[in-house]
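Here is the structure we will look at, set down as structure tokens.
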Amino acid sequence: MKALLKRAKFDIGVAPQALNNTNATGAYFSMTYYRKVLAVLSAGAMAAGKTAKIELLQAKDANGTEAKALTGAEVTVTANTSIAAATLTLATVAAGNAITINGLTFTAHATETTPEERKFSIDGDDSADAAALAGLINHAIYGVPGIIAVANAAVITLTAIEKGITITDAAAAITPATVRAVAYVEADVSHLDINNDYTHVAVKLTTTANTVAAATLIRGDGRFEPEQVGPQTVL
């Protein structure tokens with residue numbers, strides 16, 4: 001099977017940069033020899049309630065002449081919702097305090113950890129409590145599938161392996177925070193305003209967060225084998 005590097009063209013849609021409640025637009029790339037375009041957003045830490053949006057713009061040339069939005073080609077990721085990585089910080093958790101991760105609720109118990117009831121013990125300090133909760137999140141049967149939890153002192157880092165992480169209903173003593181987030185938008189070349197000579201696309205990022213963000217642009221279903229920018233290895 002032909003390598004991905006020979007089937008799709010990878011480019012920097014938006015270079016990594018700090019965005020604080022603002023936006024940035026990358027270079028315009030030609031879709032003349034491609035049928036599909038996929039843009040991938042990578043965002044860093046975001047405070048609760050903040051967002052990062054990725055969208056595709058279209059223009060008539062590489063200079064962005066008469067640029068406009070590609071209608072419907074946008075998606076927004078919100079902190080703590082379908083994210084790639086997060087932290088949970090425990091601070092004097094009380095019995096009955098709870099947090100829900102991907103629809104599964106974990107509740108603090110004064111003295112005991114009971115996996116089948118998703119209850120974790122808080123009979124130690126914050127570090128011990130974090131270890132107990134992380135162990136329960138990692139439980140083979142009663143934990144959260146597709147997520148790995150690692151406790152370091154009173155902070156638990158959650159990393160998504162297969163599916164995203166969504167955290168809801170967190171008690172005040174268990175503070176969630178987004179560490180990394182991703183989002184994707186894909187379009188067919190037929191979605192461009194081809195009748196009016198729109199042939200190029202670019203990525204625009206907009207955040208309400210104070211974060212670092214970047215985007216990768218992937219053009220696929222090419223008429224010819226693409227030439228990549230930068231060193232490459234194919235095994």
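In this chain, numbering begins with 1 at the start of the sequence shown. Please read all numbers here as calculations on a predicted model, not as lab measurements.
- Ala132 meets the side-chain contact (heavy atoms from CB on, under 4.5 Å) test with Thr113, Phe120; sequence neighbours excluded.
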Passes side chain to side chain contact (heavy atoms under 4.5 Å, CB included), Val37 versus Met31? Steps please. CA-CA 8 Å; Val37 59; Met31 290 296 297; 3.8 Å; yes

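- Residues meeting the side-chain hydrogen bond (donor to acceptor under 3.5 Å, both in side chains) test with Lys204, sequence neighbours left out: none.
- The OG1 atom of Thr208 sits 9.5 Å away from the CG atom of Asn20 when rounded to the nearest 0.5 Å.
- One hydrophobic cluster, built from ILVMFWY side chains closer than 4.5 Å, holds both Leu104 and Ile99.
- In this structure, the side chains of Ile167 and Leu88 come closer than 4.5 Å at one or more pairs of heavy atoms.
- Applying the side chain to side chain donor-acceptor pair (under 3.5 Å) definition to pairs two or more places apart or across chains, those involving residues 150-179 are Asn80-Thr178.
- You'll find the side chain of Lys2 reaches within 4.5 Å of the side chain of Glu225, heavy atoms only.
- Closest non-hydrogen pair, Thr211 versus Ala45, comes out as OG1-O, 2.9 Å.
- The shortest non-hydrogen separation linking Ala84 to Ile165 is O-CD1, 3.8 Å.
- Residue pairs meeting the side chain to side chain donor-acceptor pair (under 3.5 Å) criterion with at least one member in residues 121-148, sequence neighbours excluded, are Ser121-Asp123.
- Summarising the geometry of Ala202 relative to Gly26, their closest heavy-atom pair is CB-O, 3.7 Å, with the distance given to 0.1 Å.
- By the criterion of side-chain heavy atoms lying less than 4.5 angstrom apart, applied directly or through intervening Ile, Leu, Val, Met, Phe, Trp or Tyr residues, Val201 is grouped together with Val75 in one hydrophobic cluster.
- Ile101 CD1 to Ile174 CD1: the interatomic distance, rounded to the nearest 0.5 Å, is 8.5 Å.
- Every residue two or more places apart in sequence or in another chain that forms a side-chain contact (heavy atoms from CB on, under 4.5 Å) with Ala215 is listed here: Val14, Ile54, Val203, Leu205.
- In this structure, Ile156 CD1 and Leu133 CG are separated by 4.0 Å, a value rounded to the nearest 0.5 Å.
- Taken to the nearest 0.5 Å, the CG atom of Leu56 stands 11.0 Å off from the OG1 atom of Thr25.
- With sequence neighbours excluded, the residues that form a side-chain contact (heavy atoms from CB on, under 4.5 Å) with Asn196 are Asp193, Tyr198.
- Leu70 has its side chain within reach of Leu192: a pair of non-hydrogen atoms, C-beta onward, lies under 4.5 Å apart.
- Thr51 and Thr78 share no side-chain donor-acceptor pair at under 3.5 Å.
- Counting Ile, Leu, Val, Met, Phe, Trp and Tyr side chains that sit under 4.5 Å apart, directly or through other members, Tyr28 shares a hydrophobic cluster with Leu57.
- A search for side-chain hydrogen bond (donor to acceptor under 3.5 Å, both in side chains) contacts involving Thr65 returns Asp61, not counting sequence neighbours.
- Across Lys50 and Ala209, no two heavy atoms sit closer than the pair CB-CB, 3.5 Å.
- Applying the side-chain hydrogen bond (donor to acceptor under 3.5 Å, both in side chains) rule to Asp11 yields the partners Lys9, Arg219; only residues at least two apart in sequence or on another chain are considered.
- Here the closest non-hydrogen pair linking Ala8 and Pro226 is O-CG, 3.5 Å.
- Members clustered with Phe10: Leu5, Leu38, Val40, Val182, Tyr184, Ile218, Val234, by chain and number, using a 4.5 Å side-chain heavy-atom cutoff among hydrophobic residues.
- The CZ atom of Arg223 sits 11.0 Å away from the OH atom of Tyr34 when rounded to the nearest 0.5 Å.
- Side chains of Lys36 and Asp188 form a contact here, defined as non-hydrogen atoms less than 4.5 Å apart.
- Other residues, nucleotides and ligands contribute more than 12 heavy atoms inside 6.0 Å of the NZ atom of Lys60.
- Smallest separation of non-hydrogen atoms from Ala213 and Leu19: CB-CD1, 4.1 Å.
- Applying the 6.0 Å contact sphere to CD of Glu227 captures no more than 12 heavy atoms from other residues, nucleotides or ligands.
- Within the 3.5 Å criterion, the main-chain N or O of Ala69 finds a donor-acceptor partner in the side chain of Gln58.
- Rounding to the nearest 0.5 Å places CG of Leu136 at 7.5 Å from CZ of Arg118.
- Not counting sequence neighbours, Thr71 has no partner by the side-chain hydrogen bond (donor to acceptor under 3.5 Å, both in side chains) test.
- Annotation: ring pair (Phe, Tyr, Trp, His ring centres under 6.0 Å) contacts involving residues 210-235, sequence neighbours excluded, comprise Tyr33-Phe224.
- There is no path of hydrophobic side-chain contacts, each under 4.5 Å, that joins Leu158 to Val155.
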